[in-house]
There are 2 protein chains.
Amino acid sequence: MRDVAKLAGVSHQTVSRVINDHPNVRTETRERVLAAMRSLNYRRNLAARTLATRESRTLGIIGFETTLFGPESMLYGIESAARAAGYLVSVATVRELAHHPVLEAVDRLAQHDVDGIIAIAPKPAVTTALTHAPAGLACVAVGGSGSGVEPFPTVRVDNVTGARLATQHLLDLGHATVHHAAGPPDWPEAQARVDGWRETLYAAGAVVPAISPGWWDAAAGYEQGRRLAADPSVTAIFAANDRIALGVLRALHESGRRVPDDVSVVGFDDMPDSGYFMPPLTTVHQDFAEMGRRALALLLHHMARADGADPPPNVLVAPDLVLRASTAPRFD
Amino acid sequence: MRDVAKLAGVSHQTVSRVINDHPNVRTETRERVLAAMRSLNYRRNLAARTLATRESRTLGIIGFETTLFGPESMLYGIESAARAAGYLVSVATVRELAHHPVLEAVDRLAQHDVDGIIAIAPKPAVTTALTHAPAGLACVAVGGSGSGVEPFPTVRVDNVTGARLATQHLLDLGHATVHHAAGPPDWPEAQARVDGWRETLYAAGAVVPAISPGWWDAAAGYEQGRRLAADPSVTAIFAANDRIALGVLRALHESGRRVPDDVSVVGFDDMPDSGYFMPPLTTVHQDFAEMGRRALALLLHHMARADGADPPPNVLVAPDLVLRASTAPRFD
DNA sequence: TTCGTGAGTGTTACCGTTCTCAACGTGATC
DNA sequence: GATCACGTTGAGAACGGTAACACTCACGAA
């Protein structure tokens, strides 16, 4: 910077003003400085800037160290939006969604002076850990099923509505009731899907079948599917996500139950290839990239008014049903 | 830091020595400093450290802004290894695998003083762009099918061997020849799989069927599958990846060709749920997380000996065949 | 004429580290 | 007993920016 100043015949401060688009610089001077910067191929040193301003133009993301579809796709939504806003994105992953590992991740990001944090927070442990983040560090939680009283903004998909959509769709097709291949019971999102499903059945006066705990992958779905396939009265299944649905589909196939002729199946997520399952899966679509963008917008807004006393907004993203070929009417 | 020094009754320099594990500090002094640090809850300011040392303890990753399975999983391998080595990971994604966007990403990372870059480089444009990175910035490319003369280390899976494994497996089962549902022709990895496939057929004296250009997803696989299903002589198909295989599977099913009874199918990647396709997919497994770790190790090594005149290592990871239920013997 | 005002610019201090080098024991060596 | 090496410590100057403030000048109002 000193060299640029010398070459342009101005003080380093004027150079600083130019790079920061300060208004009070004569056009002619600005041009001279810009020319000097170009000819010296000058790039501002962000570390020095960070040191002086305590602002790094870097955002932190806390993710879960497992290849779950949702979180992955959100990363890209966040990153591209962050780039547009002039921020770089750093990621810290946690091996386990527990208090301590998350705190550690926050600490690591804080040491690197991130200006704000977006946490993929599917379990409450993450959210509570986040409340212990250093004061003044803006946080946004995305995912999970918040209590509504978080001290920071959240973005979530409306899982209850999504589950309701799926269940009602099956009911409308004439199924007496709908069985559920659930996710892990200690994940609020899985629980919210159970709730939406149960409520809908209850409202329709349908029997509410028992559920058993699962996980998010096809292996778990397969187990659930075997259990359900063993029961000849099962004609409709709502799976907690598409991967589970894949396992269910296979279990049904193995026991000779045709989909959708004998049993209808609905998933959740609308993963890229679920339209090519056998049969193509009817599912509840959620736009993860969009959620990432929303989270980022919220974070930037939160950072801008750090002392904002207004209650933190809780964005609820509406999912919608994608009709494909895994569901069919039932006439009994 | 000044406060810590004052509390411990030493100079700031001694505090610095303590945090950097400098040997020449009396044990008693060190203890006193550590105690002071603890009681003041001191954290070193990394921005200041970066400014002084030109070392940020941050690594950059250049990724492709699309949810392809491979790159995703690598990120986690890289991140957790980086964390263990005391580095934070920043990501810069590119919307398009072309020269200019990649250079822009490099620039963005360089501005933030990353100590090194790992680029997910499935296409040569990324690699060549990388050669224009600022001198002294260590780079590692992972993926693609390098020319072998890159000025920096690379990590790649041995696609040719993988394809050979798949093709030979089908040949060994008694199939007269093997058809290929190819990926995008301008991706070296897809091309290498074509090469391995073709070589194997050639070596076995089998007919080499024509291929048509595709993409990496199930939709493209479905198209390929329809084309292949129309030809009654097709009894074995090697798909360039698992998602393509999924589409192929469905196309075959739709045209009444049973898998594996009528047609055998092999995939590539071993995605998490491919064991639950219908039927469970025999595929070529590659360990993306491990590749990420290897890439990181290479990068750290490369950074340590920045002036290393020794030729950059090109790590080739061996894939292996996972046998499941989508292939069967053929007796003609 | 005098003064205030605001645009344009420069001066100096400061952000929190590490680096360089000098200084101060202390014990071993001659 | 002087010298020397070495372990231990401290003082001051970087590192490359930004913030705060002072200064100059031109212009319009009193």
### Donor-acceptor pair present, B/Arg17 side chain and D/dG10 base, under 3.5 Å
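Per atom types, the contact qualifies.
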### Task
Using only heavy-atom distances, decide whether a donor-acceptor pair under 3.5 angstrom links the side-chain of A/His12 to the base of C/dT12.
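Pair found.
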### Message
Reading DNA chain D from 5' onward, which residue's closest nucleotide shows up sooner: B/Ala52 or B/Glu28?
### Response
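The residue whose closest nucleotide sits nearer the 5' end is B/Glu28.
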### Query
Backbone N or O of B/Gly86 within a donor-acceptor pair of the B/Arg57 side chain at under 3.5 Å?
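The answer is yes, because a donor-acceptor pair under 3.5 Å joins these two groups.
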### Query
Within the distance-only criterion (no hydrogens, no angle test), does the side chain of A/Ser16 pair as donor or acceptor with the backbone N or O of A/His12 below 3.5 angstrom?
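No, the answer is negative, given that no donor and acceptor are paired below the 3.5 Å cut-off.
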Indicate whether OP1 or OP2 belonging to [N] is found under 4.0 Å from a side-chain N or O atom of [X].
X: A/Arg54; N: D/dT18; result: no
X: A/Arg26; N: C/dT9; result: yes
X: A/Asn24; N: C/dG6; result: no
X: B/Asn45; N: C/dT17; result: no
X: A/Arg30; N: C/dG8; result: no
X: A/Ser16; N: D/dT18; result: yes
X: B/Ser11; N: D/dT9; result: no

### Query
For residues B/Thr93 and A/Arg83, is any side-chain donor paired with an opposing acceptor at under 3.5 Å?
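A/Arg83 and B/Thr93 do have a side-chain donor-acceptor pair below 3.5 Å.
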### Message
Regarding B/Asp115 and B/Ser56, do their side chains bring together a donor and an acceptor under 3.5 Å, going by distance alone?
### Response
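Short answer, yes.
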Rounded to whole Å, how long is the line connecting atom [atom1] of [X] with atom [atom2] of [N]?
X: A/Asp113; N: D/dG17; atom1: CG; atom2: P; result: 17 Å
X: B/Arg44; N: C/dG16; atom1: CZ; atom2: P; result: 15 Å
X: A/Arg49; N: D/dT18; atom1: CZ; atom2: C1'; result: 8 Å
X: B/Lys6; N: D/dG10; atom1: NZ; atom2: P; result: 14 Å
X: A/Leu51; N: C/dC15; atom1: CG; atom2: P; result: 9 Å
X: A/Gln13; N: D/dC21; atom1: CD; atom2: C1'; result: 11 Å
X: B/Met1; N: D/dA11; atom1: CE; atom2: P; result: 13 Å
X: B/Met37; N: C/dT17; atom1: CE; atom2: P; result: 10 Å

### Task
Select base, sugar-phosphate, or nothing to describe what A/Val15 touches, counting heavy atoms under 4.0 Å on all strands.
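Since no nucleic acid heavy atom lies under 4.0 Å of A/Val15, the category is nothing.
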### Query
Across the strands shown, which category fits B/Thr50 at heavy-atom distances under 4.0 angstrom: base, sugar-phosphate, nothing?
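Here B/Thr50 touches no strand at all.
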### Message
Using 30° and 60° as the class boundaries, would you call the ring planes of A/His132 and A/His99 parallel, tilted or perpendicular?
### Response
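Geometry flag for A/His99 against A/His132: perpendicular rings.
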### Task
Count the heavy atoms belonging to other residues, nucleotides or ligands that lie under 6.0 Å from NE2 of B/His100, then report whether that count exceeds 12.
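For B/His100, atom NE2 is not crowded (no more than 12 foreign heavy atoms under 6.0 Å).
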### Task
Return the 5'-most residue of the pair B/Thr53, A/Thr53 with respect to DNA chain C, ranking by each residue's nearest nucleotide.
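This one resolves to A/Thr53.
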### Query
Of all the choices, D/dG17, C/dT17, D/dT9, which nucleotide is nearest to the side chain of B/Val25 once you look at every atom?
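In terms of side-chain proximity for B/Val25, the closest of D/dG17, C/dT17, D/dT9 is D/dT9.
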### Nucleotide of D/dT9, C/dT20, C/dT9 approaching A/Thr14 most closely (side-chain heavy atoms)
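Output: C/dT9.
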